[in-house]
Trainee: 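Next up is a structure, given as structure tokens.
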Amino acid sequence: QVQLVESGGGSVQVGGALRLSCAARGYTSPPKCMGWFRQAPGKEREGVAVLDSDGRTTYADSVKGRFTISQDNAKTSLYLQMISLKPEDTGMYYCAANAICPGSDGARLSRIWFPYWGQGTQVTVSS
């Protein structure tokens with residue numbers, strides 16, 4: 001059973017930066033598809049960034065140029081570097097994993113494709 005544990009959230013001012021981490025454990029082989037999702041109060045959980053085992057990245061339009069998803073060489077940790085943060089980036093950020101990634105970018109950013117989830121880490125951006 002894959003277990004995902006997020007860390008690195010916090011409170012920052014507009015324009016600030018944070019780096020989220022996700023430790024993956026309990027798998028027999030590393031997940032080939034991992035990503036970050038976020039959920040603001042009263043809103044649906046949305047895809048932020050996804051990375052597959054070939055290194056292909058997919059980003060939501062709202063974070064392109066500001067967020068960078070990466071993984072360590074051992075594929076045991078997933079990261080999300082966030083810069084130029086905005087108030088609309090506020091929310092609970094979740095790490096997610098699946099054995100494989102869907103083919104299309106749109107599908108990759110859909111939560112329905114990910115069976116494994118962490119508990120989330122809160123990011124708050126204040127003006």
Side-chain angles (χ1 to χ4, degrees):
Q1 181 73 11
V2 176
Q3 293 180 329
L4 305 171
V5 180
E6 303 96 336
S7 61
S11 297
V12 296
Q13 292 188 326
V14 169
L18 283 173
R19 187 181 191 229
L20 306 183
S21 298
C22 171
R25 57 178 71 107
Y27 51 78
T28 54
S29 60
K32 293 185 178 181
C33 187
M34 296 189 72
W36 290 97
F37 289 71
R38 67 186 180 190
Q39 188 166 16
K43 294 189 176 181
E44 294 289 321
R45 191 172 299 186
E46 62 176 359
V48 174
V50 174
L51 173 67
D52 71 15
S53 57
D54 294 327
R56 173 181 163 188
T57 56
T58 303
Y59 293 96
D61 289 341
S62 59
V63 307
K64 284 180 180 176
R66 302 188 298 120
F67 291 11
T68 303
I69 189 171
S70 63
Q71 195 171 35
D72 68 339
N73 290 335
K75 301 189 186 301
T76 58
S77 294
L78 184 73
Y79 306 102
L80 185 68
Q81 179 67 52
M82 306 183 292
I83 64 171
S84 302
L85 283 162
K86 306 175 181 179
E88 51 264 42
D89 294 318
T90 293
M92 188 69 78
Y93 281 69
Y94 298 91
C95 177
N98 196 1
I100 59 173
C101 268
S104 71
D105 286 345
R108 286 174 177 227
L109 293 174
S110 174
R111 60 178 295 185
I112 65 172
W113 292 105
F114 291 86
Y116 304 110
W117 294 87
Q119 294 300 306
T121 185
Q122 178 68 34
V123 172
T124 303
V125 184
S126 57
S127 56

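One-based numbering along the sequence shown.
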Trainee: Please report the interatomic distance CD(Glu6) to CG(Leu80), rounded to the nearest 0.5 Å.
Mentor: 11.5 Å
Trainee: How many angstroms lie between CG in Leu4 and CZ in Phe114, if you round to the nearest 0.5 Å?
Mentor: 10.5 Å
Trainee: For residues 34-43, which side-chain donor-acceptor pairs fall under 3.5 Å, sequence neighbours excluded?
Mentor:
residue : atom : partner : partner atom : Å
Trp36   : NE1  : Tyr79   : O            : 3.3
Arg38   : NE   : Glu46   : OE2          : 2.7
Arg38   : NH1  : Asp89   : OD1          : 2.9
Arg38   : NH1  : Tyr93   : OH           : 2.9
Arg38   : NH2  : Glu46   : OE2          : 3.3
Arg38   : NH2  : Ser62   : OG           : 3.4
Gln39   : OE1  : Arg45   : NE           : 3.3
Gln39   : OE1  : Arg45   : NH2          : 3.4
Gln39   : NE2  : Lys43   : O            : 3.1

Trainee: Evaluate Thr90 against Gln122 for side-chain contact (heavy atoms from CB on, under 4.5 Å), listing each step before the verdict.
Mentor: CA-CA 8 Å; Thr90 293; Gln122 178 68 34; 4.1 Å; yes
Trainee: Quick one: pull up OG in Ser70 and CG in Leu78 and give me the separation to the nearest 0.5 Å.
Mentor: 7.0 Å
Trainee: Atom OG in Ser7, atom CG in Leu20: separation rounded to 0.5 Å?
Mentor: 8.0 Å
Trainee: Report all side-chain donor-acceptor pairs from residues 47-55 shorter than 3.5 Å, counting only partners two or more places apart or in another chain.
Mentor:
residue : atom : partner : partner atom : Å
Asp52   : OD1  : Asp54   : N            : 2.9
Asp52   : OD1  : Gly55   : N            : 3.0
Asp52   : OD1  : Arg56   : N            : 2.9
Asp52   : OD2  : Arg108  : NH1          : 3.2
Asp52   : OD2  : Arg108  : NH2          : 3.1

Trainee: Who passes side-chain contact (heavy atoms from CB on, under 4.5 Å) against Ala23, sequence neighbours left out?
Mentor: Arg25
Trainee: side-chain contact (heavy atoms from CB on, under 4.5 Å) between Ile69 and Tyr59: does it pass, once the steps are laid out?
Mentor: CA-CA 9 Å; Ile69 189 171; Tyr59 293 96; 3.4 Å; yes
Trainee: Mind checking the SG-CD spacing from Cys95 to Gln119? Nearest 0.5 Å is all I need.
Mentor: 11.5 Å
Trainee: Please enumerate all residues that pass side-chain hydrogen bond (donor to acceptor under 3.5 Å, both in side chains) together with Thr121, with sequence neighbours excluded.
Mentor: none
Trainee: Show every donor-acceptor pair shorter than 3.5 Å between a side-chain atom in residues 8-15 and any protein atom, with sequence neighbours excluded, or say none if there are none.
Mentor:
none

Trainee: Taking it one step at a time, do Cys33 and Ile100 satisfy side-chain contact (heavy atoms from CB on, under 4.5 Å)?
Mentor: CA-CA 5 Å; Cys33 187; Ile100 59 173; 5.6 Å; no
Trainee: Apply side-chain contact (heavy atoms from CB on, under 4.5 Å) to Pro30 and list each qualifying residue two or more places apart in sequence or on a separate chain.
Mentor: Tyr27, Lys75
Trainee: For Met82 and Val123, run side-chain contact (heavy atoms from CB on, under 4.5 Å): C-alpha distance rounded to whole Å, both residues' side-chain angles, the deciding distance at 0.1 Å, then the answer.
Mentor: CA-CA 10 Å; Met82 306 183 292; Val123 172; 4.0 Å; yes
Trainee: Answer yes or no: is there a side-chain heavy-atom contact under 4.5 Å between Glu88 and Val125?
Mentor: no
Trainee: From Tyr94 OH over to Cys22 SG, what is the distance, rounded to the nearest 0.5 angstrom?
Mentor: 13.0 Å
Trainee: Which pair of heavy atoms, one from Pro102 and one from Trp113, lies closest together, and at what distance?
Mentor: CG-CG, 3.4 Å
Trainee: Is the shortest heavy-atom distance from the side chain of Phe67 to the side chain of Leu85 under 4.5 Å?
Mentor: yes
